[in-house]
Amino acid sequence: MAEVNLGVEFCGIKFPNPFMLSSAPPTTTGEMMGRAFEAGWGGAVTKTMALEKVEVINVTPRLTSLAFEGFGDEPRKLYGLENIEMITDRPLGVWLEEIEDLRRKYPGNVVIGSIMAEGSSSEDWKELAMKVEKAGAQMLELNFSCPHGGIPGKCVGKAIGQDPHVAADITRWVKEVVKVPVMVKLTPNITDVTVVAKAVQDAGADAVSAINTVSAFFGVDLETLEPKPSVWGYTTFGGYSGPGVKPIALRIMLELARSMKIPISGIGGIETWQDAAEFILCGATTIQVCTAAMMHGYDIIADMLEGLENFMEEKGFGSIPDMRGKILDKVVEFSRLDADRRVVSTIDRSLCIKDDLCYIACRDAGYQAISLDEARMPAVDEDKCTGCSLCMQVCPVWDCISMKERSVVK
């Protein structure tokens, strides 16, 4: 059993643990960030700040959700939020005072300043960066990724993150005037995120964070025939976050970890310690959380810390660097996968609840390898089963259906 140290060094800065709140509604004020530090979060990224001359006005409402309907008396479970909230609408001067206050009250935690200006204005980027650094932010995060802009009518957010040349220019501008590490927040709303990531790396970025929210449209209210969220009958594309985006975020994490020399802060659908462990195994050094804190509050950090520490102890990892990127070599091109070894489905009849889901799925979307006897108990024809595992995926009972190795194909 390993003695576990959850502390990490990220861009030369020591964090008490890898967990941070990302730049989002949970970091709307300095007071909120302070409460998060007291709950156990290692760091926090401010809501994205702009210069005083930028006017930000949020609409209402600005959130909508996707949810699984509960069975019977079970409550519904959220698995995604769409957010059309802008960057902070609080004055920069107030933020600068709050950053100073946070640094004084919480010296063991890390305060990261998220900033945004127009893509063509080197003066604005430099002025903003210097002011936030002077206030005491230990790092800067450049917001190149807000899916709905952040500052209406300007070249900001994902418009910057989709152009490697603009992204690189801004990174250079900021690096010219600050001494603190500079991290670039990347957008997933691009064909190949590594193109921009490499451009900002070459321009001097000390780290990248990924992903920001996925541009999305959450649908139509069939009662009112209005889009969601309805802002007096209208809406706009927003940012999709929550557990539903985790597979996208992990794919991008792997792409970045295998192509970048600078460290990565992982973001996207992280709700539990298990999610955090997966991101670290895929290459993340720090973890940023947003939607889970919005849904459940800051206190989720206690379970995340305890769970990750217990997992690392069980697996023999003494530190975050020990486990970081451990599965990178296991994600390969399709042509490298072993096509000789085969599995087939096996059903534990003692656990079967006779809901027929495996039978229906195999009959209508598989290879008709499952039949039902007179008692409606499923049975697998191994000669027909091709090992696709669809039956196991649709079964609502854990461990009722599993896959066993069949034989080696010669």
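All figures in this text were calculated on a predicted structure; none of them were measured in a lab.
Separation of atoms CD1 (I347) and SG (C400) is listed at 6.5 Å; rounding is to 0.5 Å. Atom CG of D299 and atom CE of M304 lie 12.0 Å apart (nearest 0.5 Å). Interatomic distance, I301 CD1 to E306 CD, rounded to the nearest 0.5 Å: 12.0 Å. For the atom pair I327 CD1 and E278 CD, the distance stands at 9.0 Å (nearest 0.5 Å). Distance check: R258 CZ to M253 CE gives 12.5 Å after rounding to the nearest 0.5 Å. A distance of 11.0 Å separates OG1 in T171 from CD in E176, rounded to the nearest 0.5 Å.
Each of M139, K185, M20 was compared with S265 under the side chain to side chain contact (heavy atoms under 4.5 Å, CB included) criterion, and only M20 meets it. For the side chain to side chain contact (heavy atoms under 4.5 Å, CB included) test with I84, the passing option among N58, V231, L63, T64 is V231; the others fail.
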Let me check something: any side-chain donor-acceptor pairs from residues 208-220 under 3.5 Å, sequence neighbours excluded? List them with distances.
residue: S209; atom: OG; partner: E141; partner atom: OE2; Å: 2.8
residue: N212; atom: ND2; partner: S145; partner atom: OG; Å: 2.7

Chi angles and distances behind the side chain to side chain donor-acceptor pair (under 3.5 Å) call for E333, S335: CA-CA 5 Å; E333 297 293 330; S335 60; 5.8 Å; no
Test log, rule side chain to side chain donor-acceptor pair (under 3.5 Å), inputs S114 and T46: CA-CA 6 Å; S114 175; T46 67; 5.2 Å; no
Evaluation steps, side chain to side chain contact (heavy atoms under 4.5 Å, CB included), between I115 and W125: CA-CA 8 Å; I115 62 174; W125 277 102; 3.9 Å; yes
S259 and E255: CA distance, side-chain angles, deciding distance, side chain to side chain donor-acceptor pair (under 3.5 Å) verdict: CA-CA 6 Å; S259 61; E255 291 177 339; over 6 Å; no
Step-by-step side chain to side chain donor-acceptor pair (under 3.5 Å) determination, Y106 to E38: CA-CA 9 Å; Y106 304 98; E38 291 171 3; 2.6 Å; yes
Residues E82, K228; criterion salt bridge (charged side-chain N to carboxylate O under 4.0 Å, His left out); working and verdict: CA-CA 9 Å; E82 183 191 2; K228 302 176 184 178; over 6 Å; no
Criterion side chain to side chain contact (heavy atoms under 4.5 Å, CB included) on I370 and R363, from CA distance to verdict: CA-CA 7 Å; I370 296 178; R363 181 194 67 188; over 6 Å; no
Criterion side chain to side chain contact (heavy atoms under 4.5 Å, CB included) on M183 and I112, from CA distance to verdict: CA-CA 9 Å; M183 175 166 59; I112 300 174; 4.2 Å; yes
K131 and I99: CA distance, side-chain angles, deciding distance, side chain to side chain contact (heavy atoms under 4.5 Å, CB included) verdict: CA-CA 11 Å; K131 285 184 174 181; I99 291 171; over 6 Å; no
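No side-chain heavy atom of V180 sits less than 4.5 Å from a side-chain heavy atom of Q138. Side-chain contact check for I170 versus F144: some heavy-atom pair is nearer than 4.5 Å. Under the 4.5 Å side-chain criterion, counting only non-hydrogen atoms from C-beta, N83 is not in contact with S241. With contacts defined as side-chain heavy-atom distances shorter than 4.5 Å, the pair F37/L102 qualifies. Using a 4.5 Å cut-off on side-chain heavy atoms (C-beta onward), K261 and Q201 make contact. Counting heavy atoms from C-beta on, the side chains of S371 and P378 never come closer than 4.5 Å. Annotation: side chain of L21 is not in contact with side chain of V45 (no heavy-atom distance under 4.5 Å).
Counting only residues at least two apart or on different chains, no side chain to side chain donor-acceptor pair (under 3.5 Å) pair has a member in residues 9-19. Applying the ring pair (Phe, Tyr, Trp, His ring centres under 6.0 Å) test to pairs two or more places apart or on separate chains, those with a residue in residues 271-308 are W273-F311.
Considering every non-hydrogen atom in both A197 and L186, the closest pair reads CB-CD1, 3.8 Å. Contact record, L328 with C282: CD2-O, 3.4 Å, taken as the closest heavy-atom pair. Summarising the geometry of I353 relative to P396, their closest heavy-atom pair is CD1-CG, 3.9 Å, with the distance given to 0.1 Å. Here the closest heavy-atom approach between residue G161 and residue V196 is recorded as O-CG2, 3.1 Å. Nearest heavy atom pair, residue P247 against residue G244, reads CD-O, 3.7 Å. Between P164 and V195, the shortest heavy-atom distance links the atoms CG-CG1, 4.0 Å.
Under 4.0 Å is where a charged nitrogen must lie from a carboxylate oxygen, and between D89 and K47 no such pair does. Ion pairing between D202 and K198 fails under the 4.0 Å rule for side-chain N and carboxylate O. A salt bridge does not link D163 with K158: every distance from a Lys NZ or Arg NE/NH1/NH2 to an Asp or Glu carboxylate oxygen is 4.0 Å or more. Salt bridge annotation for R90-E98: present, with a cationic side-chain nitrogen under 4.0 angstrom from a carboxylate oxygen. For R341 and E405, the salt-bridge test passes: some basic side-chain N is under 4.0 Å from an acidic carboxylate O. Using a 4.0 Å cut-off between charged nitrogen and carboxylate oxygen, E382 and K404 count as a salt-bridge pair. Look at R35 and E31 and you find a salt bridge, because one of the NZ, NE, NH1 or NH2 atoms lies within 4.0 Å of a carboxylate O, short of that distance.
Formation of a donor-acceptor pair under 3.5 Å by the S121 side chain with backbone atoms of E118 is not found in this model. Remark: the backbone N or O of A24 is not paired with any side-chain donor or acceptor of S22 at under 3.5 angstrom. Of the possible donor and acceptor atoms, none in the side chain of S389 sits under 3.5 Å from a partner among the backbone N and O of M392. At distances below 3.5 Å, not a single donor-acceptor pair connects side-chain atoms of R324 with backbone N or O atoms of A284. Remark: the backbone N or O of V182 is paired with a side-chain donor or acceptor of D206 at under 3.5 angstrom. Of the possible polar contacts, one joining the D322 side chain to the S319 backbone as a donor-acceptor pair under 3.5 Å is found.
The number of heavy atoms from other shown groups lying within 6.0 Å of CZ (F237) does not exceed 12. Within a 6.0 Å sphere centred on CG of D221, heavy atoms belonging to other residues, nucleotides or ligands number more than 12. Counting heavy atoms of neighbouring residues, nucleotides and ligands inside a 6.0 Å radius, atom CG of D373 exceeds 12 of them. Other residues, nucleotides and ligands contribute only 12 or fewer heavy atoms inside 6.0 Å of the NZ atom of K315.
Side-chain contact, T88 with W95: a donor N or O sits under 3.5 Å from an acceptor N or O.
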